[in-house]
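Beneath this line is the structure, given in structure tokens, with notes to follow.
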2 protein chains.
Amino acid sequence: MAESDYSELGERAQHLLKVLVQRHIRDGQPVGSRALTRESGLPLSPATIRNVMSDLEDLGYVQAPHTSAGRIPTDKGYRFFVDSLLTVRSLPVSDIDQLKIRLDRSGGAEALVGSASNLLSGLTRYAGLVTLPRHGYGAFRQMEFMPLSGNRVLVIVILNEHEVQNRVIETNRKFSADELRQVSNFLNREFAGKDLRTVRKKLVEDIDHTRENVNRLMASVVEVAEKVFVEQEAESDFVLAGQTNLMEYAELANVEKLRELFDAFNHKRDVLHILDQSLQANGVQIFIGQESGYEVFDGCSLVTSSYEVDGEVLGVLGVIGPTRMPYDRVIPIVDLTARLLGEALNPKSPLNSD
Amino acid sequence: MAESDYSELGERAQHLLKVLVQRHIRDGQPVGSRALTRESGLPLSPATIRNVMSDLEDLGYVQAPHTSAGRIPTDKGYRFFVDSLLTVRSLPVSDIDQLKIRLDRSGGAEALVGSASNLLSGLTRYAGLVTLPRHGYGAFRQMEFMPLSGNRVLVIVILNEHEVQNRVIETNRKFSADELRQVSNFLNREFAGKDLRTVRKKLVEDIDHTRENVNRLMASVVEVAEKVFVEQEAESDFVLAGQTNLMEYAELANVEKLRELFDAFNHKRDVLHILDQSLQANGVQIFIGQESGYEVFDGCSLVTSSYEVDGEVLGVLGVIGPTRMPYDRVIPIVDLTARLLGEALNPKSPLNSD
DNA sequence: GTTAGCACTCTCATGCGTCGAGTGCTAATG
DNA sequence: CATTAGCACTCGACGCATGAGAGTGCTAAC
């Protein structure tokens, strides 16, 4: 049998690795040569299998916990499995329905994201995570100002039907309610719905035509608006659901390990860094074990996908669970959730009665 | 020695119970009769102690894990300990300083509450929890309404310099911007700065008074305002910090138990119910084990205190940890945190440069 | 009421032998 | 030359006995 693949692994070895990983995913036990002869479907004796296993071990795809146990896949083994050997199942209708029905579209983006996270964790029984969507398009719908005491002004930015942000800014002088009303009228008339960059350019052009002080206000208003968007971008955050699910899995069952993991969730930094990597790529991405560069995630895998609205990537979602995970089931769940979330976030979608 | 106490326990038994609990809190082991003779300071032989222990066991204050182990306190034993035997230490200056300095007063109420929760968990190495303050006390400064599409109206409630809340509400008919302006003018003129409860009472009175002659709008005003207030009040929630700290403690170290506990934190309902009980009482309250009525908290204790501004209770804070907990240290921490939080929340406080 | 003495109980750690699973190696085989 | 049967070997899991240590309850004496 000639090697039909460029890889270092022959076809037979690949097939055996596939069976081994599948079996190990199923029951979590080390897989012995006898079991493989039975399940591989190949007409090979255990002894032959052992030779192949020995090769696989030398190449780093599998390892033996101790001398007289079967083999379990290494991270490298899992990596090869998901990259080359995995055949993704199509999702059972019941799951698809669950996702479609139970995704809560009634609230704002935050509620939506929370709901998606819950669904992910519920369907997979792992921890679900979804980053909050960036408001990359940078358009506001309406802006209002309200005078506070002193020189402070409350700026309210209405992004869409559900999202409202507010900030208190310090201006260089006191503005009356009337003045502020004028400003907001002007801004809303001229710029509502426009991209923020356009707004700023236009304002800079107009700067001579308008009275000095009001202009200043507008400038700082635009600054604030920008801050709102930038902050949204920077303040990237994610919603975690079902982290306690992870306590069910034997491979993570020692308290030490779990604590590290939970702490990582709380600090968010490391998790966000990994999720960021997924932001660029499109489609489902898989991080196995320490591949991500973080020791904490040893023994864990992340299955992620970016989600997008109108072709623009707004965020990432996914699940985190033990590396020993039924990828063929988890991948389509993550994939579909990402698509549904993107759709639900799209104000133009026919499903959204905006 | 005559019984100098009305309780079922003689003085000597009480003293021995106290020493036993203290020792058990210190090292977590069952306490034997020999250890007690040594540490009690009483001129008694182990045999005598054993007799007393036997009595204490019959009465349910202590129990023996097995025949030939020492005794450990039961929940009832702990209860008696904290009620009658405990002498609270005064807090080391370093802790007081930590609390005073590290309580973050720069942000709004939410930031403050988060900071308090962190401090609680940091100082005790248990989980800290703080409910968000009810806004029932204060005055709202200003209210504004903004029409959105359909029957939706954006309601903005400015509570103080830092707190601005907004809600999107669904009204029974469409309001024009002018109508809404009238409404907010009316509300601000009549009620700005008034206590929210007064406002509500006044509004309810007005609804009878003016039902006939004033237009439909006014009725809607009442309804709208009511909705905002009610939602504010109902949204009782707490901020949890350092839950992973709990994974350090041996008595909670099995994953099963921890999971139940964490799930309880997530669902919030049970925890909130217990915290509510503490809302009535003033001063530090202690819930030991299942006293609270929830099985989940077996093996755990909550030390809570309500916090108040100007004599009005706004919320509850506390820590949750294993029942085997150095109460003499934890109690003053909770107590002081509650007082500091109340002070930091008080807009009239000289510390707050409002 | 208190105490010394003693038999008893229970946990925990240790060591030992056995079993089962699975391996690596070697020599035989088609 | 790849494949296979056979076999000795290794390792973890389990059950069992054993002994030490800690602490108790009971009884009889003080």
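Naming convention: chains lettered A, B, ... in sequence-line order (proteins, then strands); numbering from 1 in each chain. The figures here come from the full heavy-atom set of this structure, side chains too, leaving out hydrogens, waters and symmetry mates.
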>> Without decimals, in angstroms, what is the distance between A:Gln63 CD and D:dC11 P?
In response: 16 Å
> So does A:Arg259 have more than 12 non-hydrogen atoms from other groups sitting under 6.0 Å from CZ?
Replying inline: yes
>> Rounding to an integer number of Å, can you tell me how far B:Arg23 CZ sits from D:dG23 C1'?
In response: 13 Å
> Hey, does the side chain of B:Arg50 come within less than 4.0 Å of C:dC6's phosphate (OP1/OP2), counting only N and O?
Replying inline: no
>> On DNA chain D, compare the nucleotides closest to A:Ala47 and B:Arg71; which residue's is nearer the 5' end?
In response: A:Ala47
> Above 12 or not: heavy atoms from other molecules or residues under 6.0 Å from CD of A:Glu295?
Replying inline: no
>> Without decimals, in angstroms, what is the distance between B:Ile49 CD1 and D:dA22 C1'?
In response: 16 Å
> Between D:dC26 atom P and B:Met53 atom CE, what is the distance in whole Å?
Replying inline: 16 Å
> Starting at the 5' end of DNA chain C and moving along, which residue's nearest nucleotide shows up first, B:Thr67 or A:Gly70?
Replying inline: B:Thr67
>> Using whole Å, what does the distance between atom C1' of nucleotide C:dG24 and atom CG of A:Leu56 come to?
In response: 16 Å
>> Determine whether a donor-acceptor pair (N or O, by modelled atom type, separation under 3.5 Å) exists between the side chain of A:Ser33 and the backbone of A:Ile49.
In response: no
>> Could you tell me how far apart A:Gln29 (CD) and D:dC11 (C1') are, to the nearest whole angstrom?
In response: 15 Å
>> From CG of B:Leu36 over to C1' of D:dT24, roughly how many Å is that when rounded to an integer?
In response: 13 Å
>> With a 4.0 Å cut-off on N to O distance, would you call A:Asp75 and A:Arg79 a salt bridge?
In response: no
>> Would you say B:Glu260 and B:Tyr294 are linked by a side-chain donor-acceptor pair, where the criterion is simply a distance under 3.5 Å?
In response: no
>> Starting the side chain at C-beta, find the nucleotide from D:dT4, C:dG24, C:dC10 nearest to A:Asn51.
In response: D:dT4
>> Of the listed nucleotides (C:dT3, C:dG24, C:dT11), which one gets closest to any side-chain atom of A:Glu57?
In response: C:dG24
> Rounding to a whole Å, what distance do you find between B:Arg12:CZ and C:dG1:C1'?
Replying inline: 8 Å
> C:dC8 phosphate, OP1 or OP2: any side-chain N/O from B:Ser68 under 4.0 angstrom?
Replying inline: no
> Between B:Ser45 and C:dT3, does any side-chain N or O lie under 4.0 Å from OP1 or OP2?
Replying inline: yes
> Looking at the side chain of B:Leu44, which of D:dT4, C:dT23, C:dT3 is the nearest nucleotide?
Replying inline: C:dT3
